Every structure is written in structure tokens, then in C-alpha cells.
Amino acid sequence: MAQAQKITPRAKDFSEWYGDVIAQAQLADYSPVRGCMVIRPHGYRIWELMQRALDDMIKASGHKNAYFPLFIPMSFLAKEAEHVEGFAKEVAVVTHTRLRATGKEGKDAIAVDPTSALEEPLVVRPTSETIIYAMFAKWIQSYRDLPLLLNQWCNVVRWELRTRLFLRTTEFLWQEGHTAHADEADAEREARLILGLYRRFAEEWMAMPVLTGVKTESERFAGALRTYGIEALMQDNKAIQGGTSHNLGQNFAKAFDVKYQTAAGVLEHVWNTSWGVSTRLIGGLIMTHSDDNGLVAPPKLAPVQVAIVPIWKTDEEKQRVSGVGSQVKADLEKAGLRVELDLRDTMKPGAKYFEWEALGVPVRLEIGPRDLASGQVILARRTGGKGPVPLQGATDSVTKALHEIQASLFVAARERQEKNSIRGATKAQFIEFMKGSGGFAYGGFCGSPSCEAEIKQQTNATIRVLPDPEFRSPEAPKTCMWCGKPSVAEAVWAQAY
């Protein structure tokens with residue numbers, strides 16, 4: 001692991017750098033199954049920490065966890081026309097239930113048993129709206145059953161053959177929330193509530209600033225009435241969609257006959273929402289904060305928050321510094337921190353520093369004989385800066401440093417986002433911006449799908465969101481940045497993952 005210096009510099013090749021950071025930090029690896037990835041323990045621990053924080057937030061907002069089948073009858077997808085159209089090219093289909101031995105050798109030793117064909121093929125879930133709303137139809141009878149607020153943590157499959165670890169894989173992990181409401185206003189409040197929850201998680205836990213807003217019709221989720229999203233800008237000035245929240249209207253309720261009896265005794269279709277974030281967030285975390293030495297993990301989501309590295313030359317020194325290191329570790333863990341004590345005698349201190357740096361550990365404590373004599377330890381920050389702190393106050397010093405690192409990562413990312421955003425650009429400026437460094441470009445939009453498509457074809461930029469009021473420019477644009485027709489909204493364009 002002591003090879004952090006071999007990471008390709010971001011300025012040379014951002015894509016290679018991204019892969020190198022993942023490899024050095026042991027976050028994930030390519031699977032023998034084409035298009036899939038293996039999430040390694042260090043990467044999965046980040047996901048667990050994300051999952052724990054999000055799960056607490058989701059439950060605190062009144063939702064309960066459930067689990068629904070991986071397999072969905074093909075006919076269910078066909079019930080909502082726009083939905084099936086949106087996912088038709090991405091689904092994996094199960095048609096048979098068993099294999100049989102052929103008597104041959106090698107890869108031909110087994111084959112699909114033709115007598116095991118299913119009466120109806122099953123789709124491996126690309127998302128669970130259809131199977132969940134089929135169950136809602138059984139469970140919802142009255143207005144007293146509403147709102148029904150559920151969430152599930154699971155895997156999904158969307159058939160991708162060009163893998164980019166965490167960002168685009170055939171199988172990935174996520175949470176998907178599904179809710180039913182008595183009216184559109186309540187469904188809209190739900191969709192916006194979750195959008196705010198996602199933003200809070202991105203900014204407070206990931207230290208990743210985001211824009212929020214509504215998606216255009218071309219970017220809207222298949223089958224939804226409206227789609228809202230959070231969008232972040234990576235260090236290569238490409239955007240990443242961090243999460244989406246959909247007001248589904250009554251489309252799925254009508255397709256699956258999900259009705260409730262009102263207080264007046266009238267039968268009405270429910271209003272639904274769905275929303276989710278995935279392991280793609282880990283890719284966003286990497287590309288927002290990491291540097292040419294490896295992973296930089298925000299302290300709240302770092303698998304190891306503090307690495308203690310005792311330094312010794314003799315057995316007697318090892319005994320003394322490791323004893324103090326063990327006590328410091330116990331004190332830090334008592335304060336609720338995730339700590340590792342590095343007592344390996346097969347590596348020199350410098351190699352250990354490189355390794356912990358590549359793993360993204362926010363704080364490293366070095367303890368040598370001279371430090372003990374001075375009643376101190378050396379505190380090194382992953383984001384830069386190193387100096388002595390009193391041994392007796394080590395826990396307070398470390399806790400303060402972690403809070404400062406978390407805050408500084410967010411500030412740095414937000415400043416970088418603003419630096420790489422332009423507002424009120426002309427068509428010529430927009431084209432030049434997208435050909436050059438890129439970033440978020442704010443401008444007027446006429447609302448025409450053909451105009452939107454032409455921009456994408458010529459610049460590879462898409463509308464990430466029509467931003468919420470907080471993110472809009474001080475003066476609303478009057479004309480479309482591209483065609484010059486009257487503007488119906490301000491849009492934020494960027495090239496994206």
C-alpha cells in the first residue's frame with residue numbers, strides 16, 4: 001500500500017487519477033462479471049456510514065424500512081407505458097429456473113434446461129415502483145392508511161457494460177423510498193422534503209455543496225410528474241447527479257389501481273413519490289475532495305478517522321510508545337471516534353504515513369520517544385498542516401481538528417464550485433466555456449426540447465436543474481442563452497457523468 005506517490009496526477013489524466021485513488025485506497029475492484037464491481041471493505045465501510053446517517057434521517061422524517069422482491073413480473077413494467085420505455089434497454093430478464101448437465105466438457109458442460117421456462121419472464125429490478133405499488137393496492141383501503149411512507153435498502157440492476165467504479169455499474173446499491181398520499185399537495189411536500197434531506201446529507205456529511213432544482217422534461221424520471229435533483233460539481237468541472245426525488249402524480253396509482261376511500265366515502269387514486277441515492281455518492285465523495293496523494297475522506301464518513309503511528313528504534317522504546325498509543329486510542333474511542341493503532345514492525349514510519357494518507361484518514365498522530373519526553377504528540381492533518389499538541393489534551397485537539405477539516409472541505413468545495421460557474425453567458429461564451437474548463441453555466445432557457453437537444457449535441461452539456469430560488473442569479477434572464485427566444489426559466493448546464 002505504500003505507493004501513494006504512484007497516483008496519476010489529476011492535471012495529467014483525471015480518469016486515470018480517479019481509478020488510481022480507488023485502487024490505492026482499496027475501495028473497489030473490477031469483477032469477473034462484466035459491468036459489475038466488487039466493493040472492498042474500506043469502500044463498503046464508507047457506504048455503511050452513509051447508510052447509517054441517511055437511514056437515521058429517513059426514519060426521523062417518519063418513514064419505515066421494508067423489503068420487496070428482486071424479481072418483478074415483466075407484465076408489471078408494461079402497465080406504465082412511459083416507465084417501461086424508460087427502462088426497456090437496461091433490464092435483465094430471467095426466463096428459466098434451472099440448468100442441466102450436457103455431458104460435455106469445459107464451458108459447454110452445462111446448459112439451460114429448456115423444460116424449465118417460466119410462464120412469465122421476470123425482470124431483475126431496475127427500480128421497484130411497479131412491484132411496490134402492486135402491494136400498495138392490497139394495503140391501502142382508506143384515507144386512514146395514508147400517508148404510507150416506506151423505504152428499502154437493496155441492490156438494483158441496470159444493464160451497463162462500460163464500468164466506471166461507483167459511477168456506472170450494472171449492479172449497484174441504493175435506497176429507494178416509495179410513498180402514497182391523499183392529494184398532490186402532500187405528495188409534492190414529500191418530494192421536496194426528501195430533496196432537502198438529500199441536500200443536508202450531501203453538505204453536512206459529505207461536505208459536498210449541491211444545487212437543487214427541478215429537472216426538465218427530457219431529464220425527468222420515466223413515469224414521473226416532476227423530478228427534483230441535487231447536482232454537485234466535481235474537480236474536473238463535470239457534474240454528478242447525487243440523488244433524485246420524484247413526484248409520480250397518479251400515473252402508477254392508475255396503472256396498479258391503488259385507490260383509497262375518502263372521508264366522504266368517495267374512491268380516489270393515491271398520489272405517489274419515489275426517491276433514491278446510491279453508491280454513486282462514493283464516487284462523488286472521491287472526486288470532490290481527493291488529491292494527488294490519494295483519498296481525502298470527510299471525517300464524518302471516514303472509515304478510520306484517526307491513525308496512531310508510534311515511532312521507535314529499540315524494544316524498550318516500542319514498549320513505551322505503544323503503551324501510550326494504546327491509551328490514546330482508548331481515550332479517542334471513548335469519545336466516539338474510529339481509531340487504528342499501527343504497531344506493524346514490517347514498515348518504516350514514512351511508509352505508514354503514505355498508506356494512511358492514501359486511505360484518506362483525516363488525522364494522523366505520531367508518537368515517538370522525544371514526544372513522550374515533551375508530553376506531546378504530533379498531529380498531522382490529511383488536508384495539510386502538522387504540529388505538536390499536548391498529550392493530556394489529545395482527545396480535544398483531535399476532535400477540534402476533525403470538526404475543522406469537515407468544515408474546511410465544504411468551504412473549499414463550495415469556493416471551487418463558484419469559481420467554476422458562469423452566469424448570464426452568451427451563446428459564444430457558453431460554447432467556449434464548455435470547450436474549455438467547463439463547469440456550471442447559468443443562463444436563460446426557452447423551454448424547447450429541440451433547443452435543449454441541440455445544445456447537448458453540439459456541446460455535450462445538459463441541463464442539470466432549473467435551480468431553486470436560492471441558487472438563481474440576482475436578475476432573471478429574459479432570453480434563451482442559445483436561441484434568443486423569450487426565457488421561461490433559468491437553467492444550469494454542465495457536462496456530466
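Predicted model, so just to flag it, every value in this text is computed and none were measured.
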Audit row: E268, T262, side-chain hydrogen bond (donor to acceptor under 3.5 Å, both in side chains) steps and yes/no:
CA-CA 7 Å; E268 298 281 356; T262 69; over 6 Å; no
side-chain hydrogen bond (donor to acceptor under 3.5 Å, both in side chains) evaluation trace for W153 with Q51
CA-CA 9 Å; W153 295 92; Q51 186 180 37; over 6 Å; no
Can R164 and S15 be said to form a side-chain hydrogen bond (donor to acceptor under 3.5 Å, both in side chains), step by step?
CA-CA 9 Å; R164 192 155 195 176; S15 181; 3.1 Å; yes
Test salt bridge (charged side-chain N to carboxylate O under 4.0 Å, His left out) on E217 and R220 and set out the steps.
CA-CA 5 Å; E217 285 298 297; R220 176 176 52 82; 3.0 Å; yes
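Panel note: side chain E203, backbone M208; no donor-acceptor pair is recorded below 3.5 Å. Side chain of Y133 to backbone of N272: no donor-acceptor contact under 3.5 angstrom is found. No donor-acceptor distance shorter than 3.5 angstrom exists from the side chain of H83 to the backbone of A78, with no hydrogens or angles considered. In this structure, the side chain of R464 does not engage the main chain of K215 through any donor-acceptor pair within 3.5 Å. Of the possible polar contacts, none joining the Q152 side chain to the N65 backbone as a donor-acceptor pair under 3.5 Å is found. Counting only distance, with no hydrogens or angles, the side chain of S473 and the backbone of A476 share no donor-acceptor pair below 3.5 Å. Formation of a donor-acceptor pair under 3.5 Å by the H289 side chain with backbone atoms of A207 is found in this model. Side chain of E184 to main chain of H181: no donor-acceptor pair is present (N/O by atom type, distance under 3.5 Å, no hydrogens or angles). Between the E357 side chain and the R382 main chain, no donor and acceptor come within less than 3.5 Å of each other. Put simply, the side chain of T288 never gets that close to the backbone of L285: no donor and acceptor are under 3.5 Å apart.
Salt bridge D236/R10: absent, no basic N to carboxylate O contact under 4.0 Å. The residues R52 and D55 are annotated as not salt-bridged, no charged nitrogen and carboxylate oxygen being separated by less than 4.0 angstrom. Between E48 and R45 a salt bridge is recorded (basic side-chain N to carboxylate O distance below 4.0 Å). A salt bridge links R192 with D468: the closest approach of a Lys/Arg side-chain nitrogen to an acidic carboxylate oxygen falls below 4.0 angstrom.
In this structure, F136 and W139 have tilted ring planes: the angle between them lies in the 30° to 60° band. Ring pair H246/F221 is parallel by interplanar angle, where below 30° counts as parallel and above 60° as perpendicular. Ring planes of F172 and W174: perpendicular class, angle over 60° (limits at 30 and 60°). Between F256 and F76, the ring planes lie perpendicular to each other; the angle is over 60°, past the 30° to 60° tilted range.
For the pair L281 and M50, the minimum side-chain heavy-atom distance is below 4.5 Å. Side chains of L197 and S61 form a contact here, defined as non-hydrogen atoms less than 4.5 Å apart. For the pair R34/T163, no side-chain contact is recorded, criterion being any heavy-atom separation below 4.5 Å from C-beta on. By the 4.5 Å heavy-atom criterion applied to side chains, S274 and T244 are not counted as neighbours. In this structure, L49 and W47 have side chains that are not in contact, with every pair of non-hydrogen atoms separated by 4.5 Å or more. When side chains are defined from C-beta on, E129 counts as touching T127, because their heavy atoms get closer than 4.5 Å. Within the 4.5 Å cutoff, no side-chain heavy atoms of V488 are placed close to those of C446. In this structure, the side chains of V411 and R414 come closer than 4.5 Å at one or more pairs of heavy atoms.
Side-chain contact of S142 with Q261: a donor-acceptor pair under 3.5 Å is absent, judged by distance alone. Between the side chains of T8 and D20, a donor-acceptor pair is found at a separation under 3.5 Å. In this structure, a donor-acceptor pair under 3.5 Å is present between the side chains of T273 and W275. No side-chain donor from either of E160 and T170 sits under 3.5 Å from a side-chain acceptor of the other. Under the 3.5 Å distance criterion, with hydrogens and angles disregarded, a donor-acceptor pair is assigned to the side chains of R125 and N155. A donor and an acceptor atom, one from each side chain of S128 and E176, are located under 3.5 Å apart. T227 and E219 share no donor-acceptor pair across their side chains, judged by distance under 3.5 Å alone. Between the side chains of Q175 and H63, no donor-acceptor pair of N or O atoms lies under 3.5 Å. A donor and an acceptor atom, one from each side chain of R98 and T115, are located under 3.5 Å apart.
With rounding to the nearest 0.5 Å, the separation of CG in N247 from CZ in R226 is 5.0 Å. Rounding to the nearest 0.5 Å gives a distance of 5.0 Å between OG of S290 and CH2 of W17. Expressed to the nearest 0.5 Å, how far OH of Y143 lies from CG of D183 amounts to 14.5 Å. The CD atom of E80 lies 6.0 Å from the CD atom of E82; values are rounded to the nearest 0.5 Å. To the nearest 0.5 Å, atoms OG1 (T179) and CH2 (W271) are separated by 13.0 Å. The line from CG of L165 to OG of S31 is 10.5 Å long, rounded to the nearest 0.5 Å.
Smallest separation of non-hydrogen atoms from A358 and A25: O-CB, 3.4 Å. Here the closest heavy-atom approach between residue I46 and residue P303 is recorded as CG1-CG, 3.5 Å. Shown here for A297 and P362, the closest heavy-atom pair between the two residues is O-CG, 3.7 Å. Minimum interatomic distance between T279 and M37 (heavy atoms only, all atoms of both residues): OG1-CE, 4.1 Å. Shown here for A255 and K79, the closest heavy-atom pair between the two residues is CB-O, 3.6 Å. The two atoms that bring M434 and Q495 nearest to each other are O-NE2, 3.3 Å, heavy atoms only.
Checked options V21, L359, I7; the residue passing with L295 is V21 (criterion: side-chain contact (heavy atoms from CB on, under 4.5 Å)).
Atom CD of E120 is surrounded by more than 12 heavy atoms from other residues, nucleotides or ligands within 6.0 Å.
Remark: R168 fails to qualify as a cation-pi partner of Y497 under the 6.0 Å distance and 45° angle criteria applied to the six-membered ring. K427 forms no cation-pi arrangement with F430, by the criterion of a distance under 6.0 Å to the ring centre and an angle within 45° of the ring axis. Taking the centre and axis of the six-membered ring of Y442, the NZ or CZ atom of R423 falls inside the cone set by 45° and 6.0 Å.
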Between side-chain atoms of residues 84-97 and protein atoms elsewhere (two or more places apart, or another chain), which donor-acceptor pairs fall under 3.5 Å?
none

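Applying the side chain to side chain donor-acceptor pair (under 3.5 Å) test to residues at least two apart or on different chains, none of the pairs has a partner in residues 248-258.
For H269 and Y260, the ring centers sit 6.0 Å or farther from each other.
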